**Q** 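My structure is below; once you've seen it, I'll send some questions.
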Amino acid sequence: NHNTCFENEHLPRRRDLTVIPGAEWTHYKGHANFLGIKKPYKNPFCVNSEEEMRCVLQEARDNGALISLNHPFDGPCGWRWGMDVFGMDAVEVWNGGLMTGANEKCLEWWRDQLCKGRRLPVVGGSDFHRTGPFSLPGLPCTKVYALSRAPEDILTALRAGRCFISFTPEGPEVSFDAGEAQMGGEVPAGQPVSIRFSRLQGGDCLRVITNRGVTETLCPAGATATEIPFRCAGDKFVRCEVLRKLLSDMPPVRVMVSNPLYFSSEE
């Protein structure tokens, strides 16, 4: 919820649902999620300067909250304090339903950060306020490789970038097979990597993206899964996307975005 933590004292307890407390810190210069803490800050949420903003975010961080910037390139609700104003844990690169121009700008910014060597996990969220075209809870959905469904394990996996964003809870999905490393981790430059896509549809465009460029492969008709081998050749990272034609009269759109697997310089 925006600028309130009251509901965190009354969260439901269910065996089939993990509920994580949080708050969306909301200011006319930007929004940020504070996750994992019932009351991430004690002071009033309103701030009048960058120094006061830093104090609120630092208090939330000191209390153990995971901090993620929300829709930072959205026009009226974008982040205007500067993208390097503090050490965020994650950034929401895909906000609500289909990819928008604001999401595309965030993706491009994130790619530049990765090429510069910055390791920053990305997440997605439906930001559901009302029903509309391609606006439903879980569109998009952040899928997490966690040790368990416990909140602390989910938050640990998010911090580590062991997650990817899918257009719906039904997929598509992706995983990296690279020795002991997982998505968000690091492997030696010479380590062979297998990229495993699943829950695909025929005609899906599978993108393998590095700092050196993009390669594309089409999913064959009738196939729902495939595996693409990859070996580092001077790459800093490798990540994946899936594009799909959702409607016959519209171009393909992104239906999956993964966090990277990183490469060390030593073989």
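If you're wondering where the values come from, they're calculated on a predicted model, not measured in any experiment. One-based numbering along the sequence shown.
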**Q** Are side-chain heavy atoms of Leu120 and Val91 found at a separation under 4.5 Å?
**A**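 Yes, side chains in contact.
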**Q** Please step through side chain to side chain contact (heavy atoms under 4.5 Å, CB included) for the pair Phe197 and Val242, ending with a clear verdict.
**A** CA-CA 9 Å; Phe197 295 89; Val242 177; 3.8 Å; yes
**Q** Between the side chains of Arg118 and Asp112, is the shortest nitrogen-to-carboxylate-oxygen separation below 4.0 Å, so that they form an ion pair?
**A**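 Not counted as a salt bridge, because no side-chain N and carboxylate O are separated by less than 4.0 Å.
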**Q** Give the other cluster members for Ile37, using side-chain heavy-atom distances under 4.5 Å between Ile, Leu, Val, Met, Phe, Trp and Tyr residues; answer none if it is isolated.
**A**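 Listed partners: none, Ile37 stands alone.
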**Q** Could you point out which residue of Glu52, Glu50, Glu51 forms a side-chain hydrogen bond (donor to acceptor under 3.5 Å, both in side chains) with Arg54?
**A**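 Running side-chain hydrogen bond (donor to acceptor under 3.5 Å, both in side chains) over Glu52, Glu50, Glu51 with Arg54 returns exactly one hit, Glu50.
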**Q** Indicate yes or no for a side-chain donor-acceptor contact from Ser258 to the backbone of Cys240 under 3.5 Å, with no hydrogens or angles considered.
**A**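 Pair found, side chain donor or acceptor close to backbone of Cys240.
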**Q** Kindly write out the residues that satisfy ring-ring contact (aromatic ring centres under 6.0 Å, His included) with His129, not counting sequence neighbours, or none if the list is empty.
**A**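 His129: ring-ring contact (aromatic ring centres under 6.0 Å, His included) contacts with His2.
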**Q** Got a sec, which residues hit side chain to side chain donor-acceptor pair (under 3.5 Å) with Arg212, two or more places apart in sequence or on another chain?
**A**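 Testing Arg212 for side chain to side chain donor-acceptor pair (under 3.5 Å), a comparison that skips the adjacent residues, returns Asp235.
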**Q** Closest approach of Leu261 and Gln182, non-hydrogen atoms and distance?
**A**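 Scanning both residues, the minimum pair turns out to be CD1-O, 3.3 Å.
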**Q** Could you tell me whether the side chain of Met256 reaches within less than 4.5 Å of the side chain of Phe167, counting heavy atoms only?
**A**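 In short, these two side chains do not touch, never coming nearer than 4.5 Å.
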**Q** Are the side chain of Asn259 and the backbone N or O of Arg162 linked by a donor-acceptor pair below 3.5 Å?
**A**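 No; zero donor-acceptor contacts below 3.5 Å.
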**Q** Looking at CE of Met53 and CZ of Arg80, how far apart are the two atoms once the value is rounded to the nearest 0.5 Å?
**A**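 Nearest 0.5 Å value for the CE-CZ distance: 13.5 Å.
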**Q** Begin from the C-alpha positions of Arg119 and Glu186 and carry the test side chain to side chain contact (heavy atoms under 4.5 Å, CB included) through to its verdict.
**A** CA-CA 11 Å; Arg119 299 186 177 186; Glu186 180 182 273; 2.7 Å; yes
**Q** For the atom pair CD1 (Ile165) and SG (Cys141), what is the distance rounded to the nearest 0.5 Å?
**A**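 The CD1 atom of Ile165 sits 10.0 Å away from the SG atom of Cys141.
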**Q** Any side-chain to backbone donor/acceptor pair from Ser166 onto Pro169? Under 3.5 Å, distance only.
**A**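 Answer holds: no.
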**Q** Would you confirm whether the ring centroid of His71 sits within less than 6.0 angstrom of the ring centroid of Trp79?
**A**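 No, the ring of Trp79 stays outside the 6.0 Å limit from the ring of His71, centre to centre.
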**Q** Any heavy-atom pair between the side chains of Glu59 and Phe34 that's under 4.5 Å?
**A**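 The answer is no; the side chains never approach within 4.5 Å.
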**Q** Linking I/L/V/M/F/W/Y whenever any side-chain heavy atoms sit under 4.5 Å apart, do Leu139 and Met99 land together?
**A**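 Shared cluster, no.
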**Q** Please evaluate residues Met250 and Leu247 with respect to the criterion side chain to side chain contact (heavy atoms under 4.5 Å, CB included), reporting the C-alpha separation (whole Å), side-chain torsions for both, the decisive distance (0.1 Å), and the verdict.
**A** CA-CA 6 Å; Met250 65 184 292; Leu247 298 174; 3.6 Å; yes
**Q** Less than 4.5 Å apart, side chain to side chain, heavy atoms only: is that true for Val47 and Trp25?
**A**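 Yes, at least one pair of side-chain atoms sits under 4.5 Å.
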**Q** Taking transitive links into account, so neighbours of neighbours count too, which hydrophobic residues share a cluster with Ile209 at under 4.5 Å side-chain distance?
**A**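 So far as hydrophobic clustering goes, Ile209 is joined with Val214.
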**Q** Could you note down all residue pairs passing salt bridge (Lys or Arg N to Asp or Glu O under 4.0 Å) where residues 18-44 supplies at least one of them, sequence neighbours left out?
**A**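 Residue pairs with at least one partner in residues 18-44: there are none.
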**Q** Determine whether Leu114 and Val238 fall in the same hydrophobic cluster, where Ile, Leu, Val, Met, Phe, Trp and Tyr are linked whenever their side-chain heavy atoms lie under 4.5 Å apart.
**A**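 Yes, Leu114 connects to Val238 through the hydrophobic network.
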**Q** Please give me the minimum heavy-atom distance between Pro140 and Gly96, naming the atom from each residue.
**A**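 Shortest heavy-atom contact: CD-N, 3.6 Å.
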**Q** If you look at every heavy atom in Pro121 and Ala160, which pair is closest and at what distance?
**A**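 Shortest heavy-atom contact: CG-C, 4.4 Å.
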**Q** Any side-chain heavy atom of Leu243 within less than 4.5 Å of one from Asp204?
**A**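 SC-SC contact between Leu243 and Asp204 ruled out.
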**Q** Would you check if the side chain of Asn63 reaches a backbone N or O of Pro40 as a donor-acceptor pair within less than 3.5 Å?
**A**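 Yes: the side chain of Asn63 pairs with the backbone of Pro40.
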**Q** With sequence neighbours excluded, give me every side-chain hydrogen bond (donor to acceptor under 3.5 Å, both in side chains) pair touching residues 10-19.
**A**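 Matches after skipping sequence neighbours: Arg14-Asp16.
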**Q** Side chain to side chain donor-acceptor pair (under 3.5 Å) with Glu104: which residues, sequence neighbours excluded?
**A**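 Applying side chain to side chain donor-acceptor pair (under 3.5 Å) to Glu104 gives Arg254.
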**Q** Are the side chain of Ser68 and the backbone of Ala32 linked by a donor-acceptor contact shorter than 3.5 Å?
**A**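 Here the side-chain-to-backbone pair does not exist.
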**Q** Quick check: do Cys115 and Trp110 have side-chain heavy atoms less than 4.5 Å from each other?
**A**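 No, too far: nothing below the 4.5 Å cut-off.
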**Q** Let me confirm one number: the CG-OG1 distance from Asp74 to Thr100, rounded to the nearest 0.5 Å.
**A**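 OG1 of Thr100 is found 7.0 Å from CG of Asp74.
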**Q** Specify the closest pair of heavy atoms between Arg231 and Pro192, including all atoms of both residues, with the distance to one decimal.
**A**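 Distance-wise, the nearest heavy atoms are NH2-CB, 3.7 Å.
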**Q** Check side chain to side chain donor-acceptor pair (under 3.5 Å) between Ser198 and all other residues, then give those that pass, not counting sequence neighbours.
**A**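 With neighbours one apart ignored, the set is empty.
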**Q** Do the side chains of Met83 and Trp109 get nearer than 4.5 Å, heavy atoms only?
**A**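 Counting from C-beta outward, Trp109 and Met83 do come under 4.5 Å.
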**Q** Who else is in Leu66's hydrophobic cluster (ILVMFWY, side-chain heavy atoms under 4.5 Å, direct or via others)?
**A**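 For the cluster that includes Leu66, the remaining residues are Ile20, Leu35, Val123, Val144, Ile154, Leu155, Leu158.
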**Q** Can you give me the closest heavy-atom contact between Thr4 and Phe6, atom names plus distance?
**A**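 Scanning both residues, the minimum pair turns out to be OG1-N, 3.3 Å.
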**Q** Using the test side chain to side chain donor-acceptor pair (under 3.5 Å), find all partners of Arg207 that sit at least two apart in sequence or belong to another chain.
**A**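 Once residues adjacent in sequence are excluded, the partners of Arg207 under the side chain to side chain donor-acceptor pair (under 3.5 Å) criterion are Glu216, Glu241.
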**Q** Report the distance from atom CG of Asp153 to atom OG of Ser148, rounding to the nearest 0.5 Å.
**A**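 Interatomic distance, Asp153 CG to Ser148 OG, rounded to 0.5 Å: 3.5 Å.
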**Q** Side-chain atoms of residues 171-179: list all donor-acceptor pairs with protein atoms under 3.5 Å, sequence neighbours left out, distances to 0.1 Å.
**A**
unit_1	atom_1	unit_2	atom_2	d
Glu173	OE2	Lys143	NZ	2.5
Asp177	OD2	Arg196	NH2	2.9

**Q** Distance from Leu98 atom CG to Leu246 atom CG, nearest 0.5 Å?
**A**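 Answer for the CG-CG pair, Leu98 versus Leu246, is 6.5 Å.
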**Q** Distance-only, no hydrogens or angles: does the Asn3 side chain make a donor-acceptor pair with backbone N or O of Thr26 under 3.5 Å?
**A**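 Answer holds: yes.
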**Q** Distance check, rounded to the nearest 0.5 Å: Leu17 atom CG versus Arg149 atom CZ?
**A**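 Rounded to the nearest 0.5 Å, the CG-CZ separation comes to 7.5 Å.
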**Q** Can you tell if the side chain of Thr210 reaches within under 4.5 Å of the side chain of Phe263, non-hydrogen atoms only?
**A**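 In short, these two side chains do not touch, never coming nearer than 4.5 Å.
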**Q** Which ILVMFWY residues are connected to Phe128, directly or by a chain of links, through side-chain heavy atoms under 4.5 Å apart?
**A**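 Grouped by the 4.5 Å side-chain rule, Phe128 forms a cluster of one, so the answer is none.
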**Q** Indicate the atoms forming the closest heavy-atom contact of His27 with His31, along with that distance.
**A**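 Nearest pair, atom of His27 first, then His31: O-CD2, 3.6 Å.
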**Q** Are the side chain of Thr156 and the backbone of Glu152 linked by a donor-acceptor contact shorter than 3.5 Å?
**A**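 Checking the backbone N and O of Glu152 against the side chain of Thr156, a donor-acceptor pair under 3.5 Å is found.
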**Q** Strictly distance-based, threshold 3.5 Å: is any side-chain N or O of Trp81 a donor or acceptor partner for the main-chain N or O of Asp84?
**A**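 Absent.
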**Q** Pair Asn70, Asn95 - check side chain to side chain contact (heavy atoms under 4.5 Å, CB included), show working.
**A** CA-CA 8 Å; Asn70 296 340; Asn95 174 269; 5.6 Å; no
